[in-house]
Number of protein chains: 2
Amino acid sequence: MVTRAEPGSQPRLPLSRERVLRAAIKVADASGIESLTMRRLAEELGAEAMSLYYYVASKEDLLDGIADAVVAEINDAVSAIDVPSAGPSWKTAVRQRVLSAREVLLRHRWAPRVLETRTRTSLAVLLYYDGLLRLMRDGGFSYDLIHHALHALGSRALGFSQEMFDPSGGASDEQTAAALDGMAGQIPHLVGMLMEVAHDDPSSTLGWCDDQTEFEFGLDLILDGLDTMRTTA
Amino acid sequence: MVTRAEPGSQPRLPLSRERVLRAAIKVADASGIESLTMRRLAEELGAEAMSLYYYVASKEDLLDGIADAVVAEINDAVSAIDVPSAGPSWKTAVRQRVLSAREVLLRHRWAPRVLETRTRTSLAVLLYYDGLLRLMRDGGFSYDLIHHALHALGSRALGFSQEMFDPSGGASDEQTAAALDGMAGQIPHLVGMLMEVAHDDPSSTLGWCDDQTEFEFGLDLILDGLDTMRTTA
DNA sequence: ACCTGAACACCGTTCAAGT
DNA sequence: ACCTGAACACCGTTCAAGT
């Protein structure tokens, strides 16, 4: 082992929690969350896996850390938004915040899954919800209705929703169509719907459905319902 | 190694995919999904881990299998429901199906997480959605609106929703109250809301919120919104 | 056809040791 | 204070071998 630096080797930056978390996000963004292992992360940093434990208590702590960092990124994005929120304009204010959060999550596809599996309550998440809450208070909501509303929105408030099935499932439209055709006897209504919807929507080049459109449809459905309750309660 | 059965040892049942999946569900129900390993499952069956690979192709295939089994259990439960679904009664029909699905999931707490992580499209899930679709067709929905509706419902159609944060987070109410108090400066609206809501609801002995009530609130909000669209479209 | 033992390539993590 | 090598206890899985 040579103590002196190899000729041409850069003097490595010292590690820090900040650098570890940044590198972890980089790995997850580039290669997916399943490829984020302590050894792989250490390699990315030019260090040994064991060195990471000086900055994170465990892998769970690492995941808590990168989840927090993503929500902090969301909080940064939404704090730049400055639109009126009094009375009826609460809705566009909330809508804009949620869609901003979604934009951040689209840059970190692994984030929803990691967020869902956190057990620790994250201060960053609480701060985000506190911001939404303020807007709804401006809109004239009671605390009680806001409480229901936050539960009704669930993860949608942070910009993502659970799609239980993707008809295309990663396969091509042709493969999907063929597979569905074979099952038509068992799932006649579903096949009927997908035939019609796929035909009607020439812009669905990414597959059967446009996720962004569907996300906004669901979001607006909930926000509109809440708006009605706000005024009738 | 003795070839003859030990005195008192029961002649072990032969393995089968059915038995493997059943045992896997039993382990997950009793000890949580994280304790479901191939070795632990084999032990439960009185066999070796390697023997399981004769019935499942991989652990992913095992998870696909138990997810399918749970949805099959849901399909059994909802197929016993026989209520009218024509016109405006579509809503109560769908509502009842969703709440039945939820009851099944409450017996398998690990199921939502496993369902979310499946990549393969499950026939059982398609059958479930096809059933919902039929009810909405009876209600007079267009295929196009049903398509939006299924996306808007997302996992809620199958009886569960993503709660992004649990204010209690497993801790006692006293601990939660103390922790929130310390953060009151940073999240004033959230603290204000939780103080009021917890105070107002003497029945919330399980913590700050009654999940079943909140689930139904969110579900009804969406169903009511869809019902309006059904009649105005 | 059905089941298994030994072994492999990975994990996260502990611990004592280096600078 | 910061980093590491060797080692441990666990994974899922391959493969050749047993009945």
Side-chain angles (χ1 to χ4, degrees), chain A residues 1-6 9-25 27-28 30-67 110 113-114 117-120, chain B residues 1-6 9-25 27-28 30-67 110 113-114 117-120:
Chain A
M1 205 37 158
V2 199
T3 38
R4 193 186 322 212
E6 303 273 346
S9 81
Q10 14 257 9
R12 206 196 56 206
L13 279 169
L15 294 176
S16 68
R17 181 169 235 261
E18 176 82 11
R19 276 197 72 215
V20 168
L21 296 181
R22 253 193 235 292
I25 290 172
V27 169
S31 330
I33 193 72
E34 72 284 351
S35 73
L36 179 63
T37 67
M38 299 303 275
R39 284 170 175 83
R40 170 89 175 71
L41 177 55
E43 194 186 350
E44 182 78 20
L45 288 160
E48 297 301 316
M50 297 309 99
S51 311
L52 304 176
Y53 285 91
Y54 201 82
Y55 303 97
V56 295
S58 62
K59 181 154 188 193
E60 275 301 288
D61 184 40
L62 174 72
L63 294 177
D64 283 348
I66 62 175
W110 47 270
R113 182 155 314 169
V114 173
T117 55
R118 296 309 84 206
T119 52
R120 219 197 56 193
Chain B
M1 206 35 156
V2 199
T3 37
R4 192 188 321 214
E6 302 273 345
S9 82
Q10 13 258 9
R12 206 196 56 206
L13 280 169
L15 294 177
S16 68
R17 182 168 235 262
E18 175 83 13
R19 277 198 72 216
V20 168
L21 295 182
R22 253 194 237 290
I25 290 172
V27 169
S31 329
I33 193 70
E34 73 285 349
S35 73
L36 179 63
T37 67
M38 299 303 274
R39 284 169 176 83
R40 170 88 177 70
L41 177 56
E43 195 185 351
E44 182 77 20
L45 289 160
E48 296 302 315
M50 297 308 99
S51 311
L52 304 177
Y53 286 91
Y54 202 82
Y55 302 97
V56 295
S58 62
K59 179 151 190 197
E60 275 301 288
D61 183 41
L62 175 72
L63 294 177
D64 283 347
I66 62 174
W110 47 270
R113 180 156 315 171
V114 173
T117 55
R118 293 312 83 206
T119 52
R120 220 197 55 194

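Every chain is numbered from 1 and lettered A, B, ... according to where its sequence line falls, protein lines coming before strand lines.
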* Asked: Is the phosphate of C:dC3, meaning OP1 or OP2, less than 4.0 Å from a side-chain N or O of B:Tyr55?
  -> yes
* **Non-hydrogen atoms of A:Leu63 and A:Leu36 that approach each other most closely** => CD2-CD2, 4.3 Å
* Asked: C:dT14 C1' sits how many Å from A:Tyr53 OH, rounded?
  -> 10 Å
* May I have the distance from B:Arg39 (atom CZ) to D:dA9 (atom C1'), rounded to whole angstrom? => 11 Å
* To do: Remember a base hit wins even if backbone is also touched, and classify B:Met38 as base, sugar-phosphate or nothing at under 4.0 Å, heavy atoms.
  => sugar-phosphate
* To do: Once you apply the 3.5 Å cut-off to both distances, tell me the Watson-Crick or G-U wobble partner of D:dT4, or none.
  => C:dA16
* Asked: In whole Å, what is the span from the CG atom of A:Leu41 to the P atom of C:dT13?
  -> 13 Å
* Could you pull out the closest heavy-atom pair between B:Ala23 and B:Glu44, with the gap in Å? => CB-CG, 4.2 Å
* Asked: Could you state the CD-C1' distance from B:Glu48 to D:dT19, rounded to the nearest angstrom?
  -> 15 Å
* To do: Starting at CZ of A:Arg113, measure out to CZ of B:Arg113 and round the result to the nearest 0.5 Å.
  => 10.5 Å
* Asked: Whole Å only: how far is the CG atom of A:Leu15 from the P atom of D:dC2?
  -> 10 Å
* Please state how far atom CG in B:Leu45 lies from atom P in C:dT4, giving the value in whole angstrom units. => 11 Å
* Is the distance from OP1 or OP2 of C:dC3 to the nearest side-chain N or O of B:Tyr54 less than 4.0 Å? -> no
* Asked: What nucleic acid atoms does B:Thr37 come within less than 4.0 Å of, heavy atoms only: base, sugar-phosphate, or nothing?
  -> sugar-phosphate
* Asked: Rounded to whole angstroms, how far apart are CE on B:Met50 and P on C:dC2?
  -> 18 Å
* Asked: Distance-only, no hydrogens or angles: does the B:Ser35 side chain make a donor-acceptor pair with backbone N or O of B:Ser31 under 3.5 Å?
  -> yes
* In whole Å, what is the span from the CD atom of A:Glu43 to the P atom of D:dT4? -> 13 Å
